[in-house]
Amino acid sequence: MTLTIQRPSASARETVPLKKPQIAAVAIEKAYRKGQMQVPVLHGVDISVSKGEFVSIVGQSGSGKSTLMHLLGLLDTPDVGEVLLDGQRIDDLPARTRDELRNRVFGFVFQFYHLLPELNLVENVLAPLMIRHSVWGYWARRREFQDRAKEIINTVGLGHRLSHRPSELSGGEMQRAAIARSLVARPQILLADEPTGNLDNSTGREILDLLHRLNEQEQLTVLMVTHDQAVAAQAHHIVRLSEGRIERVAHAA
Amino acid sequence: MYKLLLCTRYLRTRYIALASIVSVMLGVATMIVVNSVMAGFGTEMRDRIKGILSDIVVETHSLDGVNDLDAHQALIQKAAGQYIDGMAATVEIYGMLSFQYAGQWITRPVTLIGIDPESKSKVGPLVDYLQSYHSVMDNAGVKQPAERSKDIMPSWELTEASAAYRKEWSERQRWFQEQLRQQETRPHANGDQPANEDPFGQANADFPAVQAEATTPGQLLPGRLYMGMGLVSFHHKNEETGVMETEMMARPGDDVKISTITAGRPPEPAHFNATIVDVFKSGMSEYDSSLVFCNLEYLQKVRGMVDPASGSRAFTSIQIKLKDYHDADEVVERLRAVFPAGMYSIRTWEQKQGPLLAAVEVESAILNVLLFLIIAVAGFGILAIFFMIVVEKTRDIGILKSLGASRQGVMSIFLSYGLSLGMVGSGVGTMAGLLFVYYINEIEGLITWVTGHKVFDERIYYFPSIPTHVDPFMVMWVSVGAMLIAVLASILPARRAASLQPVRALRYE
């Protein structure tokens with residue numbers, strides 16, 4: 001993790017990147033329009049994350065942490081500034097390419113799981129692969145994909161619930177299914193927006209453990225938005241956002 | 001792949017969409033039923049309008065007719081002989097028909113057509129309409145089998161049953177007249193007054209018809225007629241059984257009076273008595289209630305159309321049957337080149353009945369437009385329901401986009417959803433429509449039974465059952481059109497779904 005802003009700590013001069021950043025945001029500004037009013041959310045945020053890092057973004061509601069994550073994951077476009085993936089600007093790419101990147105590079109986990117209610121667990125997990133491949137391409141490799149999906153579902157511990165609908169799953173199960181879905185496409189970066197926000201403590205811990213395991217075993221870059229200090233503390237680094245600016249970056253224990 | 005999967009899932013889980021399917025279905029079914037029935041009526045109508053007409057008619061403008069049939073026929077043969085299958089000369093004139101029924105004289109305006117049955121049946125379907133060739137049906141089934149088989153040429157002779165009937169009443173009448181004469185002569189026996197009055201002049205109301213000129217009982221008059229069914233019958237409801245019955249006012253074997261005009265200048269009234277030989281029912285009430293066919297030679301004689309010097313007979317029209325009706329326009333062209341337009345009018349039967357046929361066509365076109373509007377309304381139903389579904393699915397669309405689904409992908413989910421709704425709707429609608437058409441008479445019977453009100457009244461149409469004709473192209477167009485409308489209606493909601501920003505779709509919970 002490197003920062004281009006001034007660090008409050010004594011080692012302020014460590015601005016030289018230690019590693020090449022995998023994903024970075026440069027001087028990002030974003031405002032939402034509410035009727036006639038421009039509501040600024042981010043005022044010039046810089047952040048960069050290297051491969052294999054686990055970073056949590058904390059801040060109060062409305063501090064812009066979700067927006068930052070959405071901008072990094074190409075779910076939204078910044079008003080000003082750039083998003084870089086492996087040093088290349090990606091936020092101004094054509095829509096098709098950005099769709100492709102979302103599908104191949106990023107994995108998303110949301111607070112409210114966001115599973116598709118019409119599909120059962122396996123189908124939900126397979127959704128990114130279905131989106132990536134054409135009907136024939138998918139059909140030809142469906143066995144392989146099914147196996148991959150089942151393997152991942154087993155990793156998240158839902159092997160006994162393959163054909164259940166989301167409405168038949170508990171919150172923790174749904175979040176684990178969502179994580180399985182985000183992993184099936186073999187992403188490089190996992191973006192998790194309050195993954196434990198809707199879960200009780202023990203379930204939340206399980207989810208966090210799962211994310212840590214993935215981070216350690218697969219060298220998966222994880223960016224996690226949370227407002228829970230205890231959760232945030234488990235990351236390698238903690239970025240604190242306040243009113244659309246990065247307030248502080250701390251190295252976690 | 002996800003598009004297909006989601007599309008089928010939505011199809012199976014969104015029951016609200018069934019509402020739009022039902023409206024598409026009903027629209028398609030209605031269109032198929034109405035079109036089939038209209039087409040059925042149309043073809044039936046065409047058959048009936050054509051009915052007694054032949055393919056092409058060469059008519060003189062004057063009702064007095066022209067002489068020299070052979071020369072005319074030779075001319076026609078020369079002009080377009082290779083297309084022509086048969087020809088028949090006729091005389092057409094207006095007249096009044098009167099006959100006695102239930103003690104009163106009934107008078108009807110008629111068109112008299114002098115024909116030769118053999119040549120007439122070569123240029124058009126005559127046998128098919130004569131009642132003696134048909135079995136008599138009533139509600140219970142066949143009441144009386146056909147008196148003549150179809151391979152017997154139509155003639156001016158009575159069937160056995162009618163001849164027996166005629167013999168019976170004419171004998172009775174003779175006996176009655178005998179009595180009458182005796183009554184009259186007895187008072188005159190004193191020699192006061194000779195019986196110089198024509199005893200036939202005082203027709204008694206009890207007699208079924210006009211006084212017979214015949215002397216032998218059962219002998220036919222020289223004038224012979226095929227009478228339109230509608231002229232000599234009426235419908236009434238049997239009070240006891242509640243069944244509609246047809247009551248004949250005059251039957252084959254009866255005599256009637258015909259008044260018409262001669263062909264001379266000035267035209268003079270001409271009266272003659274004639275025997276009804278048969279009754280025809282073409283199903284076209286216009287024809288059945290106005291046409292009377294008469295034996296050509298007698299009509300020509302009565303109207304003074306026989307040249308006393310040469311014995312050549314005048315005629316007013318020549319009916320032509322073609323080998324192939326597709327050549328009709330060509331033949332008409334050729335004949336028009338030969339015959340002067342000032343004297344003859346040469347038309348196909350379609351041109352002769354142009355307004356009526358055009359009316360049927362216009363009617364069916366308007367109906368089609370109206371019915372297609374119904375499906376269009378169903379399309380708006382789809383539009384509304386789809387908008388609802390898009391709003392409901394906003395979050396899912398956001399999810400799909402966050403997983404990398406493209407604009408086009410999301411759009412095609414809803415487009416194919418619309419298409420499959422249209423396909424299901426029009427498929428089921430087509431099936432329902434075809435079934436309805438197939439069982440339409442049973443359904444009519446059921447409705448009649450339930451409501452107690454006759455839906456399809458054969459008195460109006462003269463059809464024993466509702467005629468239908470399913471045109472495969474019509475069915476195809478209707479179902480394809482319905483699918484198209486369903487897809488068109490889903491374009492707007494699909495575009496809206498596609499243009500949703502993933503973040504905006506996901507943000508609100």
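The chains referred to below are lettered A, B, ... by the order of the sequence lines, with proteins before strands, and numbering in each begins at 1.
Proximity to chain B (any heavy atom under 4.5 Å) is shown, for Phe106(A), by neither the backbone nor the side chain. Using a 4.5 Å cut-off between heavy atoms, Arg181(A) contacts chain B through its side chain alone, with no backbone atom that close. Interface residue Glu123(A): only side-chain heavy atoms are found under 4.5 Å from chain B. Within the 4.5 angstrom heavy-atom criterion, only backbone atoms of Leu115(A) (N, CA, C, O) approach chain B.
Heavy atoms only, all atoms of each residue included: Val37(B) and Thr468(B) are closest at CG2-CG2, 3.9 Å.
Residues Lys401(B) and Asp99(A) are not paired through a salt bridge, judged by the lack of any N-O separation under 4.0 Å between the basic side chain and the carboxylate. Comment: Arg96(A) does not engage Glu100(A) in a salt bridge, judged by the lack of any side-chain N to carboxylate O separation of less than 4.0 angstrom.
Inspection of the Glu361(B) and Ser364(B) side chains reveals no N or O donor paired with an N or O acceptor under 3.5 Å.
Among Ala185(A), Pro128(A), Pro117(A), the residue with the largest count of heavy-atom pairs under 4.5 Å with chain B is Pro117(A).
Each of Ile397(B), Asp396(B), Val390(B) was checked for a side chain to side chain contact (heavy atoms under 4.5 Å, CB included) with Val410(B), and the lone residue meeting it is Ile397(B).
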